[in-house]
Amino acid sequence: MLELTLFQYVLSVISGFLVGFSLGLIGGGGSILAIPLLLYFVGLAYLPGVNSNYIDHVVIGTTALAVGLNAYINAFIHWRKGNVRIVEGIAFTIPGILGTYTGAKVGLLVHGGLLLFLFGILMIVIAIMVYKGKDRSKSAKVIEPNANSQGLIESLRRVNFARIIPVGFAVGFASGFFGIGGGFLIVPGLLFSTGLCMIKAVGTSLISVGTFGVTGALTYALAGEIDLVISILYLAGGIAGGFVGAKVASSLPRGMLRKVFAVIIIIVAIYLMYQNAYALKAF
């Protein structure tokens, strides 16, 4: 466990709040800010006498756990609203677990600086997707026919296993490798491999987000590269931030918020890549 000051623990809660707030505000993407916030806002990147490669891996594993647990909480909320399809979620998650474990193991072998530089590139890609993406609240108006009347057999027939197995594995690998929830990858994957409408794909994706996050975190924990206290603080802040973000979102134009958020992600990504560009010299 890292030795942090009380002030840094408070900053961890604030960071979690900011991540949850952004998730509640625009409905996704906020978890990718968890890593740079923990590194440069909480200040783990500046801890004296600690190997930077070790710190980078601890940050990835720690945020993966917080994101995973937060996703499970949100999955329960969506489930109560009828927006989670268990069969499709499990079918996508099972191959994804293997992918997440594999990705996390590979990530542990990659130098932390290089991993964060590549993560910065992913952030920019996701930011572009956020900027160009449609408002999920509008997509949520699409109703899946007879969604509540379908049983196990009908649900299984909806699943294209030839697609869902490789897609689930690939998304899980990316989630484990970068230590992110991967919601922006999982939702398109579910839409591609099942007949779900958008709102149910979003709700169902949280099963995978939670499982991938926890699987990746456990892999890092087995390597001794996780801080449980920070994860809990991040989770607590994230729950509060998500509640406030959802409240604020109801009174603001989401299209504008999405674009502003995308620009912020790009700025943070460029800074992250700049700070870790040194790792490229070794290759």
query = For Thr211, what residues pass the side chain to side chain donor-acceptor pair (under 3.5 Å) criterion, not counting sequence neighbours?
reply = Tyr72

ask   = Linking Ile, Leu, Val, Met, Phe, Trp and Tyr by side-chain heavy atoms under 4.5 Å, what else ends up with Leu6?
value = none

ask   = Can you get from Phe212 to Tyr101 by hopping between Ile, Leu, Val, Met, Phe, Trp and Tyr side chains that sit under 4.5 Å apart?
value = no

ask   = Going by heavy atoms in the side chains, are Leu39 and Ile55 under 4.5 Å from each other?
value = yes

query = Where the side chain of Thr204 meets the backbone of Ala201, is there a donor-acceptor pair that is under 3.5 Å apart?
reply = no

key: Shared hydrophobic cluster, Phe178 / Leu69 (ILVMFWY, side-chain heavy atoms < 4.5 Å)   = no

message = My understanding is that only residues two or more places apart in sequence, or in another chain, count here; which of them pass side chain to side chain donor-acceptor pair (under 3.5 Å) with Tyr40?
response = Asn276

ask   = What residues form a side chain to side chain contact (heavy atoms under 4.5 Å, CB included) with Leu11, not counting sequence neighbours?
value = Phe7, Ile14, Phe41, Val42

Counting only pairs under 3.5 Å, give me each side-chain donor-acceptor contact of residues 166-175, with atom names and distances, residues two or more places apart or in other chains.
from   : atom 1 : to     : atom 2 : distance (Å)
Ser175 : OG     : Ile180 : O      : 2.4

key: Leu65 side, atom CG; Asn70 side, atom CG - distance, nearest 0.5 Å   = 11.0 Å

inquiry  = Please give me the minimum heavy-atom distance between Ile35 and Phe119, naming the atom from each residue.
reply    = CD1-CZ, 3.9 Å

request  = If you link ILVMFWY side chains whenever their heavy atoms are less than 4.5 Å apart, which other residues fall into the same cluster as Val263? By chain and number, please.
outcome  = Ile267

query = Side chains of His111 and Phe117: does their closest heavy-atom pair fall under 4.5 Å?
reply = no

His78 side chain to Lys200 backbone, donor-acceptor under 3.5 Å = no

query = Are Met123 and Leu118 connected, step by step, through hydrophobic side chains (Ile, Leu, Val, Met, Phe, Trp, Tyr) whose heavy atoms are closer than 4.5 Å?
reply = yes

message = Please find the pair of heavy atoms, one from Ala127 and one from Ile265, that lie closest to each other, and give the distance.
response = CB-CG2, 3.7 Å

request  = Might you point out which heavy atoms bring Glu88 and Ile164 nearest each other, and give the distance in Å?
outcome  = O-CD1, 4.0 Å

Taking every non-hydrogen atom, the tightest pair across Leu37 and Ser15 = CD1-O, 3.8 Å

task = Report whether Ile270 and Ile121 are members of the same hydrophobic cluster (ILVMFWY, side-chain heavy atoms less than 4.5 Å apart, transitive linking).
result = no

ask   = Does the side chain of Leu4 reach to within under 4.5 Å of the side chain of Leu44, using non-hydrogen atoms?
value = yes

ask   = Please walk me through it: do Thr100 and Val214 pass side chain to side chain contact (heavy atoms under 4.5 Å, CB included)?
value = CA-CA 9 Å; Thr100 303; Val214 171; over 6 Å; no

request  = List the atom of Gly113, the atom of Ala279, and the distance in Å for their closest heavy-atom pair.
outcome  = C-CB, 3.5 Å

note = Shortest non-hydrogen pair, Ala91 vs Phe161, comes out as CB-CE2, 4.1 Å

query = Does Tyr54 share a hydrophobic cluster with Leu218, counting links as ILVMFWY side-chain heavy atoms below 4.5 Å and allowing steps through other members?
reply = no

Can you give me every donor-acceptor pair (side chain of residues 226-240, partner residue at least two apart or in another chain, under 3.5 Å) with its distance?
from   : atom 1 : to     : atom 2 : distance (Å)
Asp227 : OD1    : Val229 : N      : 3.2
Asp227 : OD1    : Ile230 : N      : 3.2
Asp227 : OD2    : Leu2   : N      : 3.1
Ser231 : OG     : Thr62  : O      : 2.7
Ser231 : OG     : Asp227 : O      : 3.4
Tyr234 : OH     : Ala34  : O      : 2.8
Tyr234 : OH     : Leu38  : N      : 3.3

key: Greater than 12 external heavy atoms within 6.0 Å of Phe243's CZ   = no

request  = List in chain and number order the residues that pass side chain to side chain contact (heavy atoms under 4.5 Å, CB included) with Ala104, two or more places apart in sequence or in another chain; answer none if no residue qualifies.
outcome  = Thr219, Tyr220

key: Residues that Ser205 engages under side chain to side chain donor-acceptor pair (under 3.5 Å), provided they are two or more places apart   = none

task = Taking side chain to side chain donor-acceptor pair (under 3.5 Å) as the test, write out the residues that go with Tyr9, two or more places apart.
result = none

query = Hey, what else clusters with Phe76 if you join Ile, Leu, Val, Met, Phe, Trp, Tyr whenever side-chain heavy atoms sit under 4.5 Å?
reply = Trp79, Val84, Ile86, Ile90, Ile94, Ile207

query = Looking at side-chain heavy atoms only, is the closest gap between Leu115 and Asp56 below 4.5 Å?
reply = no

ask   = Does His57 use its side chain to pair, donor to acceptor, with the backbone of Gly107 at less than 3.5 Å?
value = yes

Would you give me the side-chain donor-acceptor pairs under 3.5 Å for residues 183-191, sequence neighbours excluded?
none

query = How are the rings of Tyr271 and Tyr274 set relative to one another: parallel (under 30°), tilted (30 to 60°) or perpendicular (over 60°)?
reply = tilted

message = Is the shortest side-chain heavy-atom distance between Leu33 and Leu18 below 4.5 Å?
response = no

